[in-house]
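Every number for a ligand or one of its atoms is a count from 1 in the order of the listing.
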Amino acid sequence: MLRLNNVEVVYEKVILVLKGMSLQVPQGKIVALLGANGAGKTTTLKAISGLLKSENGEVTDGVIEFEGERLNGLDAETIVRRGIFQVMEGRHVFEHLTVEENLLAGSYTRRDRRGVRADLDLVYHYFPRLVSLRHRKAGYLSGGEQQMVAIGRALMARPKLVLLDEPSLGLAPLLVQEIFGIVQKLNQEVGTTFLLVEQNARVALRISHYGYVMENGRIVLEGPTERLLENEDVKEFYLGLT
Ligand code: ATP
């Protein structure tokens, strides 16, 4: 479904951050992209979703392909219309809008009002916590609730692929489990495909089918989740087991 082949990204014309990044996300799967701080995970997501331009970054080499078509050079709006939606690190909800207004904002590219209504119900079904908060301003919600709004808003665009950037960041372990459980359910029941960037390898691998480990701008290790969990380097550096 999504394929990156030898992608190179440069910031400010000189800072080479992705140095031949290749990965694939098959339809209907959850793929985890792991790696230490600064490895280039967020940059990879921005390269896919067309958000590099606003940061003075540029894909200078390689191919990014979605459903057989090149995404290189397309603007962010066009990429959303193709069915890719990025949930940014740090959540980025509209603080002054209510939960429901935030969710509806995710459907701005759609014209089918009945479908939008049905999807709103679907989001409330998967995130029951948001039902009683629907008229609350999003800025007053807890971090975990805001993360739910951010994912819910992405779903309202009926995306084929969701790019999730560190959904566990700053959340209590129980909430992390709750959110990852919902992501897994959405994958299994709605069929949404996810590319999941995480520093928390343990929870990410628990729900993913396949994983990539990134270091210094490229992939250094990849495999089906079961195999990665047995890998000594992954155990030592990412799971804290020795
Ligand atoms: P983190 O988990 O900390 O977000 P990451 O793996 O997502 O790490 P990136 O955010 O992609 O890493 O950053 C990779 C490298 O690119 C870092 O060295 C960072 O300093 C650099 N970088 C990121 N954004 C920019 C920018 N707008 N201009 C210049 N350099 C940048």
### Query
Hey, is Gly35 one of the residues with a heavy atom under 4.0 angstrom from ligand 1?
no

### Message
Starting from atom 21 (C) of ligand 1, what is the nearest protein heavy atom, named by residue and atom, and what distance separates them?
### Response
Val17 CG2, 4.0 Å

### Task
Give the numbers and elements of all ligand 1 atoms closer than 4.0 Å to a heavy atom of Asn37.
1 (P), 2 (O), 3 (O), 8 (O)

#### Entry: Gly57 touching ligand 1 at heavy-atom level, < 4.0 angstrom
no

#### Entry: Within-cut-off N or O pair, Lys41 and ligand 1, under 3.5 Å
yes

### Query
How far is atom 10 (O) of ligand 1 from its nearest protein heavy atom, and which residue and atom name does that atom have?
Thr42 CB, 3.6 Å

### Message
With the threshold set at under 4.0 angstrom, would you say Lys46 reaches ligand 1 through any of its heavy atoms?
### Response
no

### Query
Against heavy atoms of Gln199, which atoms of ligand 1 measure under 4.0 Å?
2 (O)

### Task
Could you tell me whether the side chains of Thr193 and Gln27 share a donor-acceptor contact shorter than 3.5 Å?
no

### Query
Which one of Asp165, Leu51, Leu45 satisfies the side-chain contact (heavy atoms from CB on, under 4.5 Å) criterion with Met88?
Leu51

### Task
Would you mind reporting whether Leu196 and Pro167 have side-chain heavy atoms less than 4.5 Å apart?
yes

### Glu189-Tyr126 side chain donor-acceptor pair, cut-off 3.5 Å
yes

### Message
Is it the case that ligand 1 has an N or O less than 3.5 angstrom from some N or O of Gly40?
### Response
yes

### Query
Which one of Ile151, Leu33, Ile30 satisfies the side-chain contact (heavy atoms from CB on, under 4.5 Å) criterion with Leu164?
Ile151

### Query
Do Arg227 and Glu230 sit within salt-bridge range, that is, some charged N less than 4.0 Å from a carboxylate O?
no

### Query
Which atoms of ligand 1 have any heavy atom of Glu166 under 4.0 Å away?
2 (O)

### Protein heavy-atom partner closest to atom 11 (O) of ligand 1 - residue, atom, separation in Å
Thr43 OG1, 2.5 Å

## Note on the structure
atom 27 (N) of ligand 1: closest protein heavy atom, distance to 0.1 Å, is Glu55 OE1, 3.1 Å

### Query
Which protein heavy atom lies closest to atom 18 (O) of ligand 1, and at what distance to 0.1 Å?
Gly38 O, 4.1 Å

### Task
Measure from NZ or CZ of Arg134 to the centre of the six-membered ring of Tyr124, then state whether that distance is under 6.0 Å and the direction lies within 45° of the axis.
yes

### Query
Which protein heavy atom lies closest to atom 22 (N) of ligand 1, and at what distance to 0.1 Å?
Tyr11 CE1, 3.5 Å

### Query
Where's the contact between Met214 and ligand 1, heavy-atom distance under 4.0 Å: side chain, backbone, both or neither?
neither

### Message
Check this for me, if you would: do Glu69 and Arg82 make a salt bridge, where the nitrogen-to-carboxylate-oxygen distance has to be below 4.0 angstrom?
### Response
yes

### Query
With a 4.0 Å cut-off on heavy atoms, is Ala36 touching ligand 1?
yes

### Message
Taking atom NZ as the centre, does Lys137 end up with more than 12 heavy-atom neighbours from other residues, nucleotides or ligands that are less than 6.0 angstrom away?
### Response
no

### Query
For the atom pair CG (Leu4) and OG (Ser22), what is the distance rounded to the nearest 0.5 Å?
7.5 Å

